[in-house]
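Since the structure comes first, as structure tokens, the remarks are kept for the end.
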Amino acid sequence: MREYRPNEIEKKWQEIWDEKEIYKAEIDQSKPKFYALVEFPYPSAEGLHVGHPRPYTAMDIVARKKRYQGYNVLFPMGWDAFGLPTENFAIKNKIHPAIVTKRNIQRFKSQLKSIGFSFDWSREISTTDPEYMKWTQWLFLKFYEHGLAYKKEMPINWCTSCKIGLANEEVVNNACERCGGEVVQKVKNQWMLKITEYADRLIDDLDTVDFIDRVKLQQTNWIGRSNGMEIDFQVAGKEDKLRVFTTRPDTIFGSTYMVIAVEHPLIEKYKDEIENFHEIVEYRGEVSKKSEIERTDLSKEKTGIEIKGLTAINPATGKEIPIWVSDYVLMSYGTGAIMAVPGHDERDWEFADKFGLPIVEVIQGGDIRKEAYTDTEDGILVNSDFLNGLSVKDAQEKISDWLEEKGLGQRKVNYKLRDWVFSRQRYWGEPIPLVHCDECGWVPVPEEDLPVLLPDVENYEPTDTGESPLATIDEWVNTTCPTCGKPAHRETDTMPNWAGSSWYFLRYLDPQNDKEFASREAIDYWMNVDWYNGGMEHTTLHLLYSRFWHKFFYDIGLVSTPEPYQKRTSHGMILGDNNEKMSKSRGNVVNPDDIVRDYGADTLRTYEMFIGDFEKSAPWSENGVKGCRRFLERVWKLQEIVVEGSDYTKELESSIHKAIKKVSKDFDTLKFNTGIATLMSLSNEFYDYGSITKKDLETFLILLNPVAPHITEEIWQQVGLEGYLHESTWPDYDESKTKDEVIQMPIQVNGKLRATIEISVDASQEEIKDAALKDENVQKFIQDKSIVKEIFVKGKIFNLVVK
RNA sequence: GCCGGUGUGUCGGAACUGGAAGACGAGACAGACUCAAAAUCUGUUAUCCGCAAGGGUGUGUGGGUUCGAGUCCCACCACCGGCACCA
């Protein structure tokens with residue numbers, strides 16, 4: 001027998017698989033289909049790190065197993081290649097981002113190939129390819145045509161020193177990451193996508209898909225649906241009304257003041273009448289430096305200013321109340337104004353307490369002198385006129401009816417979810433394919449002119465007016481109106497990187513199609529994605545965005561299903577060996593190339609799956625890698641003890657059936673670590689027994705193959721098993737053979753283990769009791785006490801309760 | 001801060017639906033092989049008391065439910081992911 005040399009055999013088998021095109025997926029109506037999807041990577045300059053292969057290996061195992069079970073599997077891979085780091089690298093090194101991207105993709109691809117994933121490379125896509133961009137732009141225009149893309153004034157991060165717009169990530173402690181300059185919020189007119197129109201369906205349709213609970217919960221909470229009322233408060237002596245949203249209209253009699261966001265339009269409108277306008281502008285300046293997280297921090301010291309010269313009328317009490325501004329009220333949630341009820345809202349209570357505003361109790365049960373009373377279960381209304389004596393629930397109904405009858409408010413569903421800011425003032429993204437004409441307004445670029453390509457520019461940095469670098473290229477910006485032919489100019493904002501990743505799973509179905517984004521036949525055959533695995537960090541953005549896009553496509557008849565993904569799971573991160581997130585700056589990055597070179601791809605794959613619970617993060621350990629290599633060496637050496645004969649080894653029969661059952665189940669439920677542990681134990685049993693029949697080896701190799709595809713295929717060939725392993729089928733097991741006839745039954749006295757007895761699995765309670773009472777140790781603990789209760793769980797436990 | 005999650009030997013982790021805590025792997029220790037080391041093989045390994053049989057303690061902390069809790073409930077602590085222009 002030869003030595004185990006992974007580098008040789010891995011290369012050999014990768015070439016054979018490539019040549020035979022066994023992972024190429026074609027539409028085949030005679031087989032059930034299975035679409036397995038992993039999140040496509042962003043090809044960074046650093047190359048792959050060992051975190052990448054974890055989800056890829058997991059889904060590779062699923063894909064390979066499904067093929068053995070007779071499914072027609074689609075398992076594609078591509079590149080989410082637009083992005084800031086590439087652009088920044090290009091700026092710094094004066095090199096075109098397209099060149100950087102191409103280089104990075106080549107690197108990533110060769111790294112992935114060396115690990116032996118069963119991707120169908122014939123379907124490889126990159127979001128930056130013109131043929132791909134064309135359809136991203138085309139799909140964006142569908143949103144525009146259906147009124148779901150619109151322009152709105154939105155704040156961007158503005159570095160006062162570089163005079164350019166910054167991404168959130170480039171803002172560190174309110175300062176510019178590059179120059180350290182001060183960052184403020186500056187308003188800019190931007191393209192928005194109306195995701196809020198789909199808020200209800202994005203929540204409700206979660207019931208129709210198989211996502212892990214924490215993903216569903218997090219999406220639901222992110223969308224943040226709440227039922228309440230919009231209520232109008234008259235601004236005293238003025239035409240205007242201040243509209244607020246509240247989920248607690250029942251507490252309206254306790255509303256003793258109002259708070260509006262610093263950005264609220266009322267402030268500008270009445271600037272001449274606001275006595276302390278200066279002071280408010282100054283405060284607004286301070287607030288513009290804060291992030292939303294800082295603004296809404298519950299534990300921070302409250303700040304705010306009373307607007308002098310404007311007051312409002314509480315529609316329930318008819319009393320005049322002051323209006324304040326404070327940073328904790330956001331223009332982006334609700335109406336940008338709140339009715340403050342300090343007696344029954346924690347934040348309002350602290351605010352009122354600090355500024356000496358009146359606190360009125362309207363729900364009995366707490367002590368509002370000490371803290372806000374927020375209980376909605378048992379509270380009874382007081383100091384609330386016609387609501388007095390009602391429960392919170394009844395009061396909510398009554399006041400809502402009353403306000404609606406009087407025309408002072410209406411019931412309203414509100415969401416935390418906000419519309420999606422779709423504009424970026426960046427170079428490395430898809431140009432938004434719209435042209436502005438003074439006569440015709442915004443006009444879509446006609447389909448035959450797509451894609452709108454990026455022009456070459458000298459400088460990739462955003463401009464000092466806050467516009468995209470494209471704005472400086474006159475010959476690109478200046479064009480003619482597709483409708484009237486008069487001079488017009490192109491939109492210079494580009495799309496966020498989320499655009500390409502919002503529909504890539506559809507392009508995989510038909511990646512070379514130059515007539516459509518994907519053919520209907522391909523969509524109908526392959527969709528939905530049967531299993532999509534990705535990081536938890538994408539739950540509320542990418543995963544929600546792509547569901548939104550797909551739902552819209554469904555509505556306009558482009559796709560045949562209302563949800564894109566049938567099942568969604570999530571993996572944990574791989575940390576450095578110091579238990580911290582892998583990063584260049586921490587110096588704890590492990591490159592998979594080194595592991596493949598020193599130990600082999602199969603060892604890398606086995607270790608990544610054995611490292612721990614797939615759904616949790618786990619620190620890298622070189623010793624753990626060695627352990628997995630040791631296991632594969634032992635598997636290799638099974639060749640030394642293999643014996644002829646196609647019969648099962650009777651003595652190990654039960655272990656083999658149990659292993660088939662356990663491994664099959666574990667691979668379907670992401671329990672790869674225990675699946676591999678089962679195979680380790682089984683191989684140990686073969687060694688303990690001293691030999692393994694060809695038939696048992698065959699079963700063992702198929703079970704291990706999805707994890708370690710190269711070594712198993714090689715051993716298969718070496719020992720002369722029939723055909724190729726990749727042509728075989730997944731083994732079945734016999735349920736009756738997985739059951740033990742004799743078991744070790746734990747005997748407890750008062751819940752503590754005192755003995756174990758070996759007994760038939762079918763033994764009755766009486767038989768077990770007799771045997772238990774014969775045990776010396778059990779007797780010792782019973783002695784003269786009397787048995788008051790017996791607890792018997794068949795096959796599990798027998799417990800005697802004594803007194 | 002808000003939303004979601006996690007916490008078990010020296011380390012990674014295992015434990016079905018509330019039923020023997022620590023599978024499997026790593027590390028360590030001891031032994032075999034070797035001039036020696038590495039590799040490999042064998043054994044031991046939660047902790048405390050005990051020669052042993054056996055017993056006490058033990059799953060982040062404090063409480064509770066139960067014959068029985070890592071698992072369920074309440075309160076708290078620590079850490080991780082996300083917070084809308086990183087991907």
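Convention: sequence-line order gives letters A, B, ...; per-chain numbering from 1.
Spacing between B:rA78 and B:rG64 at atom C1', rounded to whole Å, works out to 23 Å. With both ends at atom C1', the span from B:rA14 to B:rA46 equals 15 Å, rounded to whole Å. Taking atom P in both B:rC74 and B:rG82, the straight-line distance is 28 Å, to the nearest Å. Distance check on atom P: B:rG25 versus B:rA32 gives 24 Å, rounded to whole Å. To the nearest whole angstrom, the two C1' atoms, one in B:rC49 and one in B:rC11, are 27 Å apart. B:rG55 and B:rC2 have their P atoms separated by 48 Å, given to the nearest Å. Annotation: B:rG63 and B:rC77 have their C1' atoms spaced 15 Å apart (nearest Å). The gap from the C1' atom of B:rU71 to that of B:rG18 amounts to 7 Å, rounded to the nearest Å.
In textbook terms, a nucleotide whose glycosidic angle is within 90° of 0 is syn, while B:rG27, being further out, is anti.
In a base pair of the Watson-Crick type (N1 to N3 plus N6-O4 or O6-N4) or a G-U wobble (N1-O2 and O6-N3), with each distance short of 3.5 Å, B:rC72 is matched with B:rG64. Of the nucleotides present, none pairs with B:rA52 by Watson-Crick or G-U wobble criteria with both distances under 3.5 Å. With both pairing distances under 3.5 Å, B:rC2 is matched to B:rG82 as a Watson-Crick or G-U wobble pair. When both pairing distances are held under 3.5 Å, B:rU34 makes no Watson-Crick or G-U pair with any nucleotide shown. As the counterpart of B:rA46, B:rU57 is assigned, both hydrogen-bonding distances of the Watson-Crick or G-U wobble pattern falling under 3.5 Å.
What separates CG of A:Leu544 from P of B:rG4 is a distance of 16 Å, to the nearest Å. For the pair A:Asp297 CG and B:rG1 C1', the interatomic distance rounds to 4 Å; values are reported in whole Å. As a whole-Å value, the separation of A:Asp666 CG from B:rA14 C1' is 11 Å. Put simply, CD1 on A:Ile676 is 12 Å from P on B:rA14, counting in whole angstrom units. Remark: P of B:rA14 and CZ of A:Phe672 are 13 Å apart, rounded to the nearest angstrom. Straight-line distance from the CD atom of A:Glu608 to the C1' atom of B:rG13: 16 Å, rounded to whole Å. For the pair A:Lys662 NZ and B:rC24 C1', the computed distance is 11 Å after rounding to whole Å. For the pair A:Lys658 NZ and B:rA23 C1', the computed distance is 13 Å after rounding to whole Å.
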Nucleotide by nucleotide, nucleotides 81-87 of chain B touches protein heavy atoms under 4.0 Å in the pattern (B base, S sugar-phosphate only, - none) BSBBBBB
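Residue A:Lys752 places at least one side-chain N or O under 4.0 Å from the OP1 or OP2 atom of B:rU57. Taking side-chain N and O atoms only, A:Asn579 has no distance below 4.0 Å to OP1 or OP2 of B:rC11. Regarding contacts with the backbone of B:rG12, every side-chain N or O of A:Lys616 stays at 4.0 angstrom or more from both OP1 and OP2. OP1 or OP2 of B:rG12 has not a single side-chain nitrogen or oxygen of A:Asn673 nearer than 4.0 Å.
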Inset, instruction - Show your reasoning for whether salt bridge (Lys or Arg N to Asp or Glu O under 4.0 Å) applies to A:Asp493 and A:Lys188. - result: CA-CA 11 Å; A:Asp493 283 353; A:Lys188 213 196 154 279; 3.7 Å; yes
| message | Using the rule given for ring pair (Phe, Tyr, Trp, His ring centres under 6.0 Å), can you reason through A:Phe505 versus A:Trp549, listing the C-alpha separation, both sets of side-chain angles and the distance that settles it, and then say yes or no? | response | CA-CA 12 Å; A:Phe505 50 91; A:Trp549 276 43; 9.7 Å; no
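Judged by the 6.0 Å and 45° rule, A:Arg568 forms no cation-pi pair with A:Phe211. Geometrically, A:Arg225 does not engage A:Tyr415 in a cation-pi contact, judged by NZ or CZ lying under 6.0 Å from the ring centre and within 45° of the ring axis. Remark: A:Arg634 qualifies as a cation-pi partner of A:Tyr687 under the 6.0 Å distance and 45° angle criteria applied to the six-membered ring. A:Tyr599 does not carry A:Lys626 over the face of its six-membered ring by the limits of under 6.0 Å from the centre and within 45° of the normal.
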Give me the distances for all protein-to-nucleotides 16-21 of chain B N/O pairs that come in under 3.5 Å?
from, atom 1, to, atom 2, distance (Å)
B:rG19, N2, A:Gln748, OE1, 3.4
B:rA20, N6, A:Gln744, O, 3.4

Which atom pairs link the protein and nucleotides 37-47 of chain B when you take only N or O atoms and keep those under 3.5 Å?
from, atom 1, to, atom 2, distance (Å)
B:rU40, OP1, A:Arg630, NE, 3.3
B:rC41, OP1, A:Arg634, NH1, 2.8

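Of the two residues near RNA chain B, A:Gly624 and A:Thr296, the one whose nearest nucleotide lies more 5' is A:Thr296. RNA chain B is contacted by both A:Asn221 and A:Lys671; A:Asn221 maps to the nucleotide lying nearer its 5′ end (nearest heavy atom per residue).
Judged purely by atom type and a 3.5 angstrom limit, A:Glu39 uses its side chain to pair as donor or acceptor with the backbone of A:Gly535.
When heavy atoms are screened at a 4.0 angstrom cut-off, A:Arg295 is found touching no nucleic acid atom at all. At the heavy-atom level, A:Phe798 lies nowhere under 4.0 Å from the strands shown.
Listed by first and then second residue, the salt bridge (charged side-chain N to carboxylate O under 4.0 Å, His left out) pairs involving residues 42-57 of chain A are A:Glu46-A:Lys584 (not counting sequence neighbours). Residue pairs meeting the salt bridge (charged side-chain N to carboxylate O under 4.0 Å, His left out) criterion with at least one partner in residues 788-799 of chain A, sequence neighbours excluded, are A:Asp762-A:Lys794, A:Lys769-A:Glu790.
Enclosure of atom NZ in A:Lys300 by more than 12 non-hydrogen atoms of other residues, nucleotides or ligands within 6.0 angstrom is indicated. In A:Glu735, the CD atom is crowded: over 12 heavy atoms of neighbouring residues, nucleotides or ligands sit closer than 6.0 Å.
A:Glu615 pairs by the side chain to side chain contact (heavy atoms under 4.5 Å, CB included) definition with A:Ile212, A:Arg214, A:Asp613, A:Leu670, not counting sequence neighbours.
The pair A:Glu371-A:Arg347 fails the salt-bridge criterion, with no side-chain N (NZ, NE, NH1 or NH2) lying under 4.0 Å from an Asp/Glu carboxylate O.
Between A:Asn157 and the options A:Leu166, A:Val184, A:Asn174, A:Ile164, a side-chain contact (heavy atoms from CB on, under 4.5 Å) holds for only A:Leu166.
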